[in-house]
Undergrad: 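Got a structure here, written out as structure tokens. Questions coming.
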Amino acid sequence: MSEPEHSRIDRYEPTAIEPRWQQRWAELGLHDTDLTDDDRPKFYLLTMYPYPSGSLHIGHWYIMTPTDALARFHRMHGENVFLPIGFDSFGLPAENAAIKNKIHPRAWTSANIDKMRRQVRTMGATFDWQSEIVTCDPDYYRWNQWIFLKFLAAGLAYRAKSPVDWCPNDGTLAREQVEGTDRHCWRCGARVEKRDLDQWYLRTTKYADELLDFSGIEWPEPIRIMQTNWIGRSEGAEVVFTTAADEAQPGADEEPSGREPDGDVPAGRELRVFTTRPDTLYGATFMVLSPEHALVPKLTHPDRAAEVGAYVTEAGRQTEIERMSTEREKTGVFTGSYAVNPVNGERIPIWIADYVLAGYGTGAIMAVPAHDERDFDFARKFGLPIRRVIAGPEVSDAEVSVPLEEAYIAHGTTDRMVNSGTHTGLPAKEGFASIVAMLESQGKGAASVNFRLRDWLISRQRYWGTPIPVVYCEMDGIVPVPEDQLPVRLPETVDYEGRGENPLKSDAAFVNTTCPKCGGPARRETDTMDTFIDSSWYWYRYLSPSYSSAPVDRSIEARWCPVDQYTGGAEHAVMHLLYARFFTKALADVGLVHEREPFKRLFNQGQILGADGERMSKSRGNVQDPDEIVSRYGADAVRLFLMFMGPWDQGGPWSPTGIGGISRFLNRVWYAALDPHGVEAGDPESGALPANQDVAAAEKALRKAAHKTLRAVSVEYAELRFNTMVAHLMELSNLLQRYRGTAVAGGAAWNEAMRLMLLMLAPAAPHIAEELWSRLAEARGEVPRGGEAPRGGDVPRGGEAPRGGEAWSSIHTQAWPAVDEAAAAENEREVPVQVNGKLRDRVTVPIGLPEAELERLVLARPKIVAALESKTPLKVIHAGGKLVNIVVR
RNA sequence: GCCGACGUGGCGGAACUGGCAUACGCGCUCGACUCAAAAUCGAGUGACCGUAAGGUCAUGCGGGUUCAACUCCCGCCGUCGGCACCA
């Protein structure tokens with residue numbers, strides 16, 4: 001700023017202003033929501049609660065500050081806004097820190113939360129801290145246990161065996177703890193194995209169909225598609241094959257594995273497969289089981305046991321992603337056994353291959369190489385027969401046995417069935433129903449719906465999570481811990497012994513207990529719950545954080561749910577957001593809540609990456625700490641800068657180079673507000689109106705700009721398009737700058753534009769807006785509410801405010817202004833004129849000029865005459881008065 | 001690999017429903033102010049040709065639809081997110 005100004009008025013110093021207003025807002029209770037107030041419409045605004053990883057990074061600002069702007073925007077519309085916050089504080093990093101630094105997970109977590117709470121406060125965000133929740137508090141996780149017991153009673157929780165990645169030294173490993181292509185343990189380097197453990201599941205699949213229904217919620221289409229694909233509903237049939245009798249089959253006495261000598265004769269055993277293409281059943285030339293399939297040991301011929309055994313072990317080392325890749329070369333081994341195709345009695349070989357997954361369908365497939373790409377590749381590689389059973393009209397009957405060059409996947413309406421016994425000649429689209437009917441009549445199969453979605457495995461072999469509230473009794477088996485004995489507390493002293501394995505297992509005081517049923521000795525479950533459980537219902541707990549008879553007070557839930565707007569990272573598009581929907585439906589079914597969908601509207605913002613374009617992480621050393629930039633430019637500038645850098649759902653690499661522009665913008669608003677008559681020493685034009693404008697025209701132009709800005713900005717806030725919202729405010733600021741020091745400055749139109757400017761700025765940059773609002777209020781002769789100046793003594797004040805002045809009130813309690821449509825109205829429009837789609841001229845015409853007149857005017861323009869080169873227009877396109885395009889040849 | 005998104009000046013991005021490509025900001029250049037510098041203010045700034053008027057080209061690449069395509073369709077390439085024990 002120039003020297004004269006410097007001496008006349010205060011500089012804009014955000015760090016002097018911001019803490020003062022943050023404190024003042026807290027005193028005013030601006031953040032605290034009265035959940036029982038039903039005079040105003042409610043607006044439940046939820047943002048994904050942070051994991052207390054250590055300290056706040058710029059990504060947290062990116063998530064939270066635009067959300068706060070939205071909260072403030074809705075408050076100005078008279079809504080009762082609830083914006084809670086908490087900490088998602090169970091999880092692996094706390095345990096990793098514990099192992100590494102010999103610090104208790106709780107101590108580490110608590111210290112991080114304390115630090116992050118302080119840092120969050122510097123945002124100036126209006127979080128309601130009264131309703132804060134911390135998921136590792138027993139007061140929170142007891143309700144995880146309570147809910148688990150309700151689910152258990154309702155049959156929504158069950159126990160089953162499931163493989164985990166296992167290190168002989170460190171126990172179960174999380175995916176991120178398995179490293180390298182050889183899949184070794186991150187801590188000790190040992191080769192990771194698979195081990196089957198009894199674990200707890202939640203029955204998410206029960207809700208598969210309901211989860212596919214998004215009617216009634218306004219979620220972005222990409223998210224709906226991703227969830228739909230994740231659930232992966234497919235209609236098809238289950239087909240029963242039977243194992244073939246054959247002298248080459250191993251008999252009952254020579255079980256190759258020796259593990260299940262139960263005397264079953266493999267011949268005649270049922271082998272169920274799921275297929276989406278029952279119409280191709282006659283083309284099944286072999287079967288493939290997943291390496292983990294229960295019948296593999298029984299079906300393996302002794303000659304092949306070594307090969308099969310090796311293959312099964314190797315398959316266990318692969319990740320599912322590797323196994324599903326359609327790109328890499330197919331692998332597999334023959335078991336030595338055969339199965340019988342139920343429709344034609346054909347004997348086909350049974351193979352195992354890793355591209356068949358145990359967790360999908362029945363873990364076994366019928367392979368139809370002619371009509372499935374993966375089966376085709378497999379058959380090609382291992383020399384298995386390929387038989388066409390579906391043909392398009394371009395294939396004659398004589399050609400149906402010509403070898404295929406690639407799998408024929410198409411399923412057109414003109415396709416017909418070939419090589420299909422009694423079905424040959426039938427239109428292919430009828431084959432599905434026809435073959436299913438035949439199978440059903442013979443008891444060899446039935447129509448079936450299959451989902452890719454699996455039940456949710458919630459057991460974790462870890463300390464830092466919610467203990468699963470069951471005990472194991474020799475007499476009574478699995479016994480739920482009675483509700484009145486909740487919470488099952490995590491022991492506070494644990495010894496990690498430098499190992500990664502769950503220390504609960506070796507904690508005798510925790511493990512040894514008595515059976516609630518018989519009073520005899522029993523063991524506690526030592527597994528804890530997946531932390532996604534915590535985040536699957538936390539927005540309910542916010543509503544009644546100290547309610548002691550249930551997770552949530554149903555009367556408050558009824559009023560406040562569903563959440564009106566949820567904001568959070570796109571990386572949660574599937575898992576968290578699907579679990580949350582599942583939980584809501586399940587909780588509704590056990591009678592805890594009313595709504596079946598948790599979040600009415602969803603917005604997934606993008607991720608802020610490190611300066612290197614990579615995800616921010618401590619190990620990469622690219623984490624951006626906001627504190628320094630906030631102390632230099634102020635919270636308002638950082639908030640605005642994050643909103644301005646691009647569409648909110650896009651994210652991007654962090655680079656602070658442009659923040660100076662935001663800072664300049666705020667400074668210009670500051671001086672325009674406080675010193676409208678100042679002139680710019682460096683600008684010879686400063687203080688003079690544009691040559692073609694008088695005061696009246698300038699005031700009209702300013703009012704028009706202000707109200708047009710308001711119209712745009714109102715929509716942009718509501719639609720979370722903050723980047724263009726800021727751009728529009730900058731444009732208005734540029735116009736104010738143009739008129740600063742002129743006869744317009746300080747007049748009625750100027751004051752109106754400035755007032756609108758501050759109101760529009762208030763949600764996004766709340767401190768400077770409040771400060772200027774307050775100072776202009778004093779200038780208007782209003783007195784602060786409560787008789788005390790809302791700012792410190794650092795600014796000279798011109799004595800007492802006059803008595804009888806209107807009471808000052810926070811800008812954040814003002815009503816959002818209304819657009820003056822008359823002021824914003826345009827009466828002229830500049831119409832671009834094209835010849836053959838190329839811009840040749842522009843004409844300014846009155847709004848509503850008839851097309852015929854516009855056309856006459858346009859065709860007379862010298863530039864257009866020249867461009868037409870005396871050719872006759874074929875057609876003149878009027879794009880609704882927005883553009884004229886003259887087509888010539 | 002599968003699912004989803006994205007690709008526009010030197011950089012972040014705008015163009016919302018097919019209708020003026022490059023709003024707004026950064027950076028850069030020049031100028032004003034200053035003894036000077038910083039800061040501030042003003043002007044300019046897609047590329048190429050041209051003194052200019054003006055013209056041609058340009059939204060990842062290749063095709064297509066249309067009077068008109070950043071936008072719609074087909075096929076590629078690249079980047080990012082998710083893939084069920086990171087949260």
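Order of the sequence lines sets the chain letters (A, B, ...), proteins ahead of strands, with each chain counted from 1.
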Undergrad: Can you tell me the base-pairing partner of rA21(B)? Count Watson-Crick or G-U wobble geometry only, both distances below 3.5 Å, and say none if there is no partner.
TA: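 WC or wobble partner does not exist here.
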Undergrad: Is there a side-chain contact between Arg175(A) and the phosphate of rA84(B), meaning an N or O under 4.0 Å from OP1 or OP2?
TA: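 Looking at the OP1 and OP2 atoms of rA84(B), one of them is under 4.0 Å from a side-chain N or O of Arg175(A).
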Undergrad: Please determine, for rC83(B), whether a Watson-Crick or G-U wobble partner exists with both distances under 3.5 Å, and give it or none.
TA: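 Here rC83(B) is engaged in a pair, and the nucleotide opposite it is rG1(B).
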Undergrad: Answer yes or no: is there an ion pair linking Arg183(A) with Asp165(A), defined by an N-O contact shorter than 4.0 Å?
TA: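 Between Asp165(A) and Arg183(A) there is a salt bridge, with a charged N closer than 4.0 Å to a carboxylate O.
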Undergrad: Ignoring hydrogens and geometry beyond distance, is the side chain of Arg462(A) in donor-acceptor contact with the base of rC85(B) at under 3.5 Å?
TA: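 For Arg462(A), whose side chain was compared with the base of rC85(B), there is a donor-acceptor pair (under 3.5 Å).
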Undergrad: Does the base of rC80(B) carry an N or O that pairs as donor and acceptor with the side chain of Gln650(A) under 3.5 Å?
TA: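 Checked by distance alone, the answer is no.
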Undergrad: Taking atom types as they are modelled, would you say the side chain of Gln461(A) forms a donor-acceptor pair with the base of rC85(B) within the 3.5 Å cutoff?
TA: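 Indeed, a donor on one side and an acceptor on the other fall under 3.5 Å apart.
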Undergrad: Check every atom of rC24(B), rC41(B), rC85(B) against the side chain of Gln737(A) and return the nucleotide holding the closest atom.
TA: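 Shortest atom-to-atom distance from the side chain points to rC41(B).
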Undergrad: Do NZ/NE/NH1/NH2 and the carboxylate oxygens of Glu292(A) and Lys194(A) come within less than 4.0 Å?
TA: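 Result for this pair is no, no salt bridge flagged.
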Undergrad: Given that both distances must come in under 3.5 Å, which nucleotide forms a Watson-Crick or G-U wobble pair with rC48(B)?
TA: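 Checking every strand shown, rC48(B) finds its partner in rG55(B), with both distances under 3.5 Å.
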Undergrad: Rounded to whole angstroms, how far apart are CE on Met116(A) and P on rA87(B)?
TA: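 Rounded to whole Å, this separation is 15 Å.
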Undergrad: Let's test your reading of the model: under 3.5 Å, does the base of rC3(B) pair with the side chain of Asn229(A) as donor and acceptor?
TA: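 Between rC3(B) and Asn229(A), which were checked side chain against base, a qualifying N/O pair under 3.5 Å is absent.
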Undergrad: Paired with rG78(B) by Watson-Crick or G-U wobble geometry, both distances under 3.5 Å: which nucleotide is it?
TA: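 Its partner is rC6(B).
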Undergrad: May I ask which nucleotide in the shown strands pairs with rU66(B), Watson-Crick or G-U wobble, both distances under 3.5 Å?
TA: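 Base-paired to nothing in any strand shown.
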Undergrad: Please tell me which of the listed nucleotides, rG12(B), rG81(B), rG25(B), lies nearest to the side chain of Met226(A)?
TA: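 For Met226(A), the side-chain atoms sit closest to rG81(B).
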Undergrad: Under 30°, 30 to 60°, or over 60°: which ring-plane class applies to Phe532(A) and His576(A), parallel, tilted or perpendicular?
TA: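 Correct class here is parallel.
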Undergrad: Who does rU29(B) pair with, Watson-Crick or G-U, both distances under 3.5 Å?
TA: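 Its partner is rA43(B) (Watson-Crick or G-U wobble, both distances under 3.5 Å).
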Undergrad: Looking at side-chain heavy atoms only, is the closest gap between Glu179(A) and Val192(A) below 4.5 Å?
TA: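 Of all side-chain heavy-atom pairs linking Val192(A) with Glu179(A), none is under 4.5 Å.
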Undergrad: When both hydrogen-bonding distances must be under 3.5 Å and the geometry is Watson-Crick or G-U wobble, what is rC35(B) paired with, if anything?
TA: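 Across all strands, not a single nucleotide pairs with rC35(B).
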Undergrad: Do any side-chain nitrogens or oxygens of Arg664(A) fall under 4.0 Å of OP1 or OP2 in rG27(B)?
TA: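 For Arg664(A), the contact criterion (side-chain N or O under 4.0 Å from OP1 or OP2 of rG27(B)) is met.
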Undergrad: Taking only Lys NZ, Arg NE, NH1 and NH2, and the carboxylate oxygens of Asp or Glu, determine whether Glu571(A) and Arg615(A) approach each other closer than 4.0 Å.
TA: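 Result for this pair is no, no salt bridge flagged.
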